[in-house]
Number of protein chains: 2
Amino acid sequence: MEEINKLVTDGLQEFIPGEWAVPSSLLEAMRYSLMAGGKRIRPLLVIAAAESLGGSREAALPVACAVEMVHTYSLIHDDLPAMDNDDFRRGKPTNHKVFGEASAILAGDGLLTHAFYSIAQASRRYHVPAENTLAIVEEMSVFAGPKGMVGGQAADMEGEQGITSLDQLKYIHTHKTGDLIVFSLKAGGRVASASLEQLRALETFGRSIGLAFQIQDDILDLIGNEEKLGKKTQSDVAMNKVTYPYFIGLEESRAEVDRLTKLAKEAIGGGTIPNPDRLLQIADFLLNRDH
Amino acid sequence: MEEINKLVTDGLQEFIPGEWAVPSSLLEAMRYSLMAGGKRIRPLLVIAAAESLGGSREAALPVACAVEMVHTYSLIHDDLPAMDNDDFRRGKPTNHKVFGEASAILAGDGLLTHAFYSIAQASRRYHVPAENTLAIVEEMSVFAGPKGMVGGQAADMEGEQGITSLDQLKYIHTHKTGDLIVFSLKAGGRVASASLEQLRALETFGRSIGLAFQIQDDILDLIGNEEKLGKKTQSDVAMNKVTYPYFIGLEESRAEVDRLTKLAKEAIGGGTIPNPDRLLQIADFLLNRDH
């Protein structure tokens, strides 16, 4: 995983636009959040999905970098004063605290737009068929767009007035966090020319670990170690945010994480995916993480 | 032009996501700005460029709608308090004045992301070759991204500390406004499988009318009719924004508009573009407009 993390970090350096072409203030703000570290879970999933079908790591890299750009843009915009108004992220001051709101908005816009350039490089540099790459573009626009991540974020903002049901919370988790994880897996599959059956297996895997990941986040916010997390715990409680533990209790939430992880493993372990080992490891890592 | 305006408006209705899938608050905010009217110059250019090469209007429509979504998102974000802090746009309250800042940020993000979905429909619905559509995606991400429109906007924000040269102003105009116009023309060309020579001619045409259009905006802000413009004039003066007339005077600015229009017409009038008439009319329209 560290090897892939380094590959992705180097890839991000390569795929973000060169300094000569971009105002330095904008580039600096984009780089600040993109290079702030983080777990790089989504790029890892893109690459692991491609490799699980015998695809090449290099061909998956442009898409892996793209999904990290989209994830990073979403964090920058979510942290803005008008949104969640967060001062720290990954243990560092948030983008707008360092560069100001205008730059943070533009850095987010720039990363989101440039992500599609990065996707296109899968065909330009690594000969992924144009049909596959275009399908990845289309799916990114759905899973990250109004029906996907942006829709989830909008529902989350509305929910601050009061989430009244577990279904509503599930909708937010599904779209705000889950969709980009599902995208990562399917896009990795498409780089390796996955069959429809394989795409479905990757989708079920992604949908399950995505929700498990988010419930785990809720649990960690409640009982995690602040130092390891790099952020304050109990922020959900402080913000009056309802979470899985709020609705179904801590133990039941943990059981749900276990159930979803089992479901995820079954989806890709049945023989449809030739080399599922790395993906299975990631599922375990997500289930057992403490930060 | 009215016919195409109606076609684009109907297309936008069709291409924005259905209500069932998107939180209503988000959809309402996206629609508000997208349907606020405007001149629809960029979609018109996409369609006119495609038709100038014998391409079909229908096949160009998804890309035409995409460029209007990108243009609209850029206006929503530019109007935000942290950016230009504008209360009115096209004679109506700006997005954040109606829906709040968080919704305006998300509506912009949603429109930008969904634009790439709309582009992909050129292949999905109208059988434009995937290679062409992917080239359009890639070019959109460059012309609207950090090297393009977002870069221009970042330079414009920096410039509020003081623009000291015409070159600096030209950089802002080129990227903030010009790039999306050049994109529109080339993308329309690509829908109709333009040759490299034709793409170059469309680029020169777009680059010239793009700058002319922006100088014309500067002129209209200085001496235009507020009622026709739907916004206050002399806002540049009030905001201490430097403009073309500021650097080279009003008459010289007008002469520059004429010179650029002539250059634009020569680029596409020499026989490279089979049916340049509509494009030539648009150039005249832009030169002679009073709002």
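None of the values given here were measured: they were computed from a predicted structure. Every chain is numbered from 1 and lettered A, B, ... according to where its sequence line falls, protein lines coming before strand lines.
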For residues [X] and [Y], report the shortest heavy-atom separation together with the two atoms involved.
X	Y	value
Ala82(B)	Ile105(A)	CB-CD1, 4.2 Å
Leu106(B)	Val150(A)	O-CG1, 3.5 Å
Thr113(B)	Ser141(A)	O-CB, 3.3 Å
Gly151(A)	Leu26(B)	CA-CD2, 3.9 Å

Any heavy-atom pair between the side chains of Leu27(B) and Pro146(A) that's under 4.5 Å?
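When only atoms from C-beta onward are counted, Leu27(B) and Pro146(A) do not touch, as no gap falls below 4.5 Å.
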Check whether Met140(A) gets within reach of chain B through its side chain, its backbone, both or neither, counting any heavy atom under 4.5 Å.
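Contact with chain B is through the backbone of Met140(A) alone.
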Need one label for Leu80(B): side chain, backbone, both or neither, based on atoms under 4.5 Å from any heavy atom in chain A.
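Just the side chain, heavy atoms under 4.5 Å.
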Quickly, which of Glu139(B), Glu131(B), Glu138(B) forms a salt bridge (Lys or Arg N to Asp or Glu O under 4.0 Å) with Arg124(A)? Name it, please.
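That would be Glu138(B); it is the only one of Glu139(B), Glu131(B), Glu138(B) passing the salt bridge (Lys or Arg N to Asp or Glu O under 4.0 Å) with Arg124(A).
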Distance from [X] atom [atom1] to [Y] atom [atom2], nearest 0.5 Å?
X	Y	atom1	atom2	value
Leu112(A)	Phe116(B)	CG	CZ	7.0 Å
Ser103(B)	Glu158(A)	OG	CD	7.5 Å
Met157(A)	Glu101(B)	CE	CD	10.5 Å

Counting only non-hydrogen atoms closer than 4.5 Å, can you tell me which residues of residues 61-77 of chain B sit against chain A?
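Under the 4.5 Å heavy-atom cut-off, Tyr73(B), His77(B) qualify.
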With chain B, which of Leu111(A), Val142(A), Ile119(A), Val137(A) has the greatest number of heavy-atom pairs at distances under 4.5 Å?
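The candidate making the most pairs under 4.5 Å is Val137(A).
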